[in-house]
Amino acid sequence: MSDTIFGKIIKREIPADILYEDDDVLAFTDVSPQAPEHFLVIPKQAIATVNDIQPEQAELVGKMVLAAQKIAKDKGIADDGYRLVMNCNEGAGQTVFHIHLHVLGGRPMTWPPG
Ligand code: AMP
């Protein structure tokens, strides 16, 4: 699979405001924030869409959520609340085909999202 922009961020070929990294996941600020706090958590392993996640990758996806939780707590947005979003395919607005968890917070979130 050819590299996406997120693959290039993992390899430090393009810059990003990196918030968290471990052996399995990386988190960085979204370049086009939709909330006062908007960051992305990605697996280092390239998975194109949520449709492509395999059962053996369930722990990896769980680690993405735990990284989101940790950063949200560190940023002080956890108690007020934050939103986790994973867009799957073009119809849902996915533009980068390396799965990523959007974490949005720092303002009230409306529902439904539209
Ligand atoms: P999605 O539309 O769900 O695929 O989300 C892709 C997200 O990646 C968008 O919110 C973009 O603003 C964000 N994005 C694209 N390129 C970069 C980049 N170089 N650094 C940080 N965020 C990016």
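When a ligand or atom number is given, it counts from 1 through the structure's own listing order. Any value given below was found using the heavy atoms of this structure, including those in side chains, with hydrogens, waters and symmetry copies removed. Position 1 is the first residue of the sequence, and the numbers go up from there.
- Between His102 and His38, the ring planes lie tilted relative to each other; the angle falls in the 30° to 60° range.
- Ligand 1 lies under 4.0 Å from heavy atoms of Ile5, Phe6, Ile9, Phe28, Thr29, Asp30, Val31, Ser32, Leu40, Asn87, Gly93, Gln94, Thr95, Val96, His100, His102.
- Applying the salt bridge (charged side-chain N to carboxylate O under 4.0 Å, His left out) rule to Asp22 yields no partners; only residues at least two apart in sequence or on another chain are considered.
- No single ILVMFWY cluster, assembled from side-chain heavy atoms under 4.5 Å apart, contains both Leu66 and Val25.
- Applying the 6.0 Å contact sphere to CD of Glu59 captures no more than 12 heavy atoms from other residues, nucleotides or ligands.
- For the atom pair CD of Glu37 and NZ of Lys75, the computed distance is 4.0 Å after rounding to the nearest 0.5 Å.
- Residues Ile99 and Phe6 have side chains not in contact (no heavy-atom distance under 4.5 Å, counting atoms from C-beta outward).
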